[in-house]
Colleague: 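Just dropping this structure here.
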Amino acid sequence: MSARPGNYTPPDQIPLRRALISVSDKAGLIDLATALSARGVEILSTGGTRAALVAAGIKAIDVADVTGFPEMMDGRVKTLHPKIHGGLLALRNDPGHAASMQEHGIAGIDLLVVNLYPFEQTIEGGADAGTAIENIDIGGPAMIRAAAKNHGHVAVVVDPSDYAELLATVAAGNGATTLDLRRRLAAKAFARTAAYDSAISRWFATELKEPFPALASFSGRLAQTLRYGENPHQDAALYLTGTKRYGVASARQIQGKELSYNNINDTDAAFELVAEFDPARTAAVAIIKHANPCGVAEASSLVEAYKLALRSDPVSAFGGIVALNRKLDAEAATEIVKIFTEVIIAPDADEDARAIVGAKKNLRLLLTGGLPDSTAPGLTVRSIAGGLIVQSRDSGMVSEAELKVVTKRAPSPAELADLLFAWRVAKHVKSNAIVYAKGGATAGIGAGQMSRVDSAMIAARKAAEAAKAAGLPESLATGSVVASDAFFPFADGLVAAAEAGVTAVIQPGGSMRDNEVIAAADERGLAMVFTGMRHFRH
């Protein structure tokens, strides 16, 4: 297959004389075609697009009249023809190409406007395999790639949001497109076909039950560029993958400053945590700082849950993210705005709550419309040098029936409730994670330490400081339970928790020194249960 020399320079201005328009998304179609027709641009079209144009009084030549072949095979074949692809791919200033065009009666196409069969929307609606396959576009991607390759001579538009810029450029150029515009449109066109193929390949992998196929691709649509990344010298942007999961990416921002990279990361962590708690059973609030919870609680009302969560670590909560599992009400909003908060995220908010938050102009309020399913399957992706590491989402959780009592004493009903609560929270704390909890609220959290003993001691210190701040006579850890995201490799971590005042322990088990840890718990009269599941979070 031959290619043009690399030093070929296409012309800047290309007059628009002939356009092919074939779109599934009809938004802006009539306005675009009307403007093109007014400039004398000849329009070719197909099927439903042509019918819409003709109904609007816009002259459009049927592609079948150009190719000499009717649409066939239920529309699977209509534009796959040399008179179409030759018109898109021909280099106008190449003598050989020009001769071929003349010999075969091929006229150039200067503008291609195509958006693809709605495959992504089709599968999101739960369509069966047959319907999904019929919504895989073939002619559209072929034409898009042809036009994008030949962007030196052809403008290709795949997104209705680009119609306005196209028309403005043509108006400013006395009916011509510019090379700069054509290059940018071509880049977007190739990105669109890549994303389209990525969605199809992911669907096939799901159908074939292959979570990790031999070739994998991931795509996203730019939602916004961010002021900077984790630090001011880093660039950042938010891309949407199209995954239907309630959260920060799809939330409506009701008010407040633009979200930063760190805000988005922390808000996602907060909302995923609070979604562990069924709103039909209990109100729950999570306060997050630097992707780790500094306070989590459940209660009969949001305001009570917020107060208990805040009590756990009021110092760290300053400038944090607050996530709620129920509609934000005025009572809870009044408490939350008493201290500086970066973001509030909730499924919804009533009008009084919105007004209260509205008095804090910079405070972001995000409404998601629902909670993510903490048990739903999915993938998480992280970049490393030279690659990506991909894993299934940590949707694991244990029930009361799955817990194994390994000590002489079994936990009481109150201890058991707190153990399960603490275990839910520990799942969302960076490892090594230690969580003290009492009465459905965190009492102290130790996160991200290299030593589990250090995490236990930090959590105990936090519990003591929180009690002092609340004017309580003893540490919040006194009479609490403790959750460890992974097993205690030695008894020292459990001993540190016991010295802080815990009465019961939940941990995965599985250490070669489990017997020593169990013996240490029995010596101190602690109840301990094993989950058989760990929750490392890195």
Colleague: For residues 346-354, dump all side-chain donor-acceptor pairs below 3.5 Å to protein atoms at least two apart in sequence or in another chain.
Modeller:
unit_1 : atom_1 : unit_2 : atom_2 : d
D348   : OD1    : R354   : NH2    : 3.2
D350   : OD1    : D352   : N      : 3.3
D350   : OD1    : A353   : N      : 2.7
R354   : NE     : A349   : O      : 3.1
R354   : NH2    : A349   : O      : 3.4

Colleague: Dump the intermediate steps for side-chain contact (heavy atoms from CB on, under 4.5 Å) on K438 and V481, then the final yes or no.
Modeller: CA-CA 6 Å; K438 180 168 61 177; V481 304; over 6 Å; no
Colleague: For Y239, does the OH atom sit with more than 12 other heavy atoms under 6.0 Å from it, leaving out its own atoms?
Modeller: no
Colleague: Taking all atoms of both residues into account, what is the closest heavy-atom pair of L302 and A283, and its distance?
Modeller: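 Shortest heavy-atom separation between L302 and A283 comes out as N-CB, 3.7 Å.
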Colleague: Test S484 against R452 for side-chain hydrogen bond (donor to acceptor under 3.5 Å, both in side chains), laying out the working first.
Modeller: CA-CA 8 Å; S484 174; R452 195 162 298 278; 2.9 Å; yes
Colleague: In sequence, state the C-alpha distance, the side-chain angles, and the governing distance for D373 and Y246, and then conclude on side-chain contact (heavy atoms from CB on, under 4.5 Å).
Modeller: CA-CA 8 Å; D373 181 355; Y246 294 114; over 6 Å; no
Colleague: Kindly list each side-chain donor-acceptor pair under 3.5 angstrom involving residues 213-222, sequence neighbours excluded, with atom names and distances?
Modeller:
unit_1 : atom_1 : unit_2 : atom_2 : d
S217   : OG     : S198   : OG     : 2.9
R221   : NH1    : D159   : OD2    : 3.4

Colleague: Does K257, at its NZ atom, have more than 12 non-hydrogen atoms belonging to other residues, nucleotides or ligands within less than 6.0 Å?
Modeller: yes
Colleague: One pair to check against side-chain contact (heavy atoms from CB on, under 4.5 Å): D394 and K427. What are the steps and the verdict?
Modeller: CA-CA 8 Å; D394 184 0; K427 174 181 172 182; 3.9 Å; yes
Colleague: Can a donor-acceptor pair be found, under 3.5 Å and without considering hydrogens, that links the side chain of T407 to the backbone of A521?
Modeller: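 No, because the side chain of T407 does not come within donor-acceptor range (under 3.5 Å) of the backbone of A521.
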Colleague: Is V322 close to I345 at the side-chain level, that is, under 4.5 Å between some pair of heavy atoms?
Modeller: no
Colleague: Do K462 and D313 sit within salt-bridge range, that is, some charged N less than 4.0 Å from a carboxylate O?
Modeller: yes
Colleague: For K360, look at atom NZ and say whether over 12 heavy atoms of other residues, nucleotides or ligands are found less than 6.0 Å away.
Modeller: no
Colleague: Between CZ of R227 and CD of Q234, what distance do you get to the nearest 0.5 Å?
Modeller: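 Rounded to the nearest 0.5 Å, the CZ-CD separation comes to 14.5 Å.
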Colleague: side-chain contact (heavy atoms from CB on, under 4.5 Å) between L366 and I254: does it pass, once the steps are laid out?
Modeller: CA-CA 6 Å; L366 303 181; I254 303 301; over 6 Å; no
Colleague: Distance-only, no hydrogens or angles: does the S455 side chain make a donor-acceptor pair with backbone N or O of N432 under 3.5 Å?
Modeller: yes
Colleague: What is the ring orientation for Y196 with F119, classed by angle as parallel under 30°, tilted 30 to 60°, or perpendicular over 60°?
Modeller: perpendicular
Colleague: Salt bridge between E465 and K468, side-chain N to carboxylate O under 4.0 Å?
Modeller: no
Colleague: Quick check on Q121: does its CD atom have over 12 non-hydrogen neighbours (other residues, nucleotides or ligands) under 6.0 Å away?
Modeller: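 Yes - once you tally the heavy atoms of other residues, nucleotides and ligands closer than 6.0 Å, there are more than 12.
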Colleague: Does I264 reach the side chain of L226, with side-chain heavy atoms less than 4.5 Å apart?
Modeller: yes
Colleague: Please check if any side-chain donor atom of E331 sits under 3.5 Å from a side-chain acceptor atom of T334, or the reverse.
Modeller: no
Colleague: Taking CZ in R145 as the centre, count heavy atoms belonging to other residues, nucleotides or ligands within less than 6.0 Å. Is the count above 12?
Modeller: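 No, not enclosed.
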Colleague: Does E415 reach the side chain of R409, with side-chain heavy atoms less than 4.5 Å apart?
Modeller: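 In contact.
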Colleague: Taking NZ, NE, NH1 and NH2 as the nitrogens, is one of them in E298 or R281 under 4.0 Å from a carboxylate oxygen of the other?
Modeller: yes
Colleague: Check whether any side-chain N or O of E499 sits under 3.5 Å from a backbone N or O of A496 as a donor-acceptor pair, and report yes or no.
Modeller: no
Colleague: Do the ring centers of F487 and F530 come within less than 6.0 Å of each other?
Modeller: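 No.
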Colleague: Is the number of heavy atoms from other residues, nucleotides or ligands under 6.0 Å of Y261 OH greater than 12?
Modeller: no
Colleague: Could you tell me whether a side-chain N or O of Y436 sits under 3.5 Å from a main-chain N or O of A456, the two making a donor and an acceptor?
Modeller: yes
Colleague: Does A284 offer a backbone N or O that forms a donor-acceptor pair with the side chain of N325 under 3.5 Å?
Modeller: yes
Colleague: Ring-plane angle category for H535 and W423, please: parallel below 30°, perpendicular beyond 60°, tilted otherwise.
Modeller: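 If you compare the ring of H535 with that of W423, the planes turn out tilted.
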Colleague: Any chance you could lay out the side-chain hydrogen bond (donor to acceptor under 3.5 Å, both in side chains) test for S431 and D485, step after step, and finish with the verdict?
Modeller: CA-CA 7 Å; S431 189; D485 65 338; 2.9 Å; yes
Colleague: Could you walk me through whether N262 and S260 pass the side-chain hydrogen bond (donor to acceptor under 3.5 Å, both in side chains) test, one step at a time?
Modeller: CA-CA 5 Å; N262 291 332; S260 71; 5.2 Å; no
Colleague: What are the two closest non-hydrogen atoms of I458 and I445, and how far apart are they?
Modeller: CG2-O, 4.2 Å
Colleague: Does CG belonging to D278 count more than 12 external heavy atoms closer than 6.0 Å?
Modeller: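 Yes.
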Colleague: Tell me whether the count of non-hydrogen atoms from other residues, nucleotides or ligands lying under 6.0 Å of CG in D235 goes above 12.
Modeller: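 Result for CG/D235: open.
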Colleague: Counting C-beta onward and ignoring hydrogens, is there a side-chain heavy-atom pair between L403 and L420 closer than 4.5 Å?
Modeller: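 SC-SC contact between L403 and L420 confirmed.
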Colleague: Side-chain contact test, heavy atoms from C-beta onward, threshold under 4.5 Å: evaluate it for T122 versus T131 and give yes or no.
Modeller: yes
Colleague: Could you tell me whether the side chains of E402 and T531 share a donor-acceptor contact shorter than 3.5 Å?
Modeller: no
Colleague: Would you say that V505 contacts V529 through its side chain, given a criterion of any heavy-atom pair below 4.5 Å between the two side chains?
Modeller: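 SC-SC contact between V505 and V529 ruled out.
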Colleague: Are any non-hydrogen side-chain atoms of F271 and V248 less than 4.5 angstrom apart?
Modeller: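 SC-SC contact between F271 and V248 ruled out.
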Colleague: Q255 side chain to V357 main-chain N or O, any donor-acceptor pair under 3.5 Å?
Modeller: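 The answer is yes, because a donor-acceptor pair under 3.5 Å joins these two groups.
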Colleague: Is K430 close to H538 at the side-chain level, that is, under 4.5 Å between some pair of heavy atoms?
Modeller: no
Colleague: Keeping E335 on the side-chain end and K338 on the backbone end, is there a donor-acceptor pair under 3.5 Å?
Modeller: no
Colleague: Under 3.5 Å, is there a donor-acceptor pair linking the side chains of E272 and H428?
Modeller: no
Colleague: How long is the gap from CD1 on I321 to CG on D266, to the nearest 0.5 Å?
Modeller: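 Taking CD1 in I321 and CG in D266, the distance rounds to 5.5 Å.
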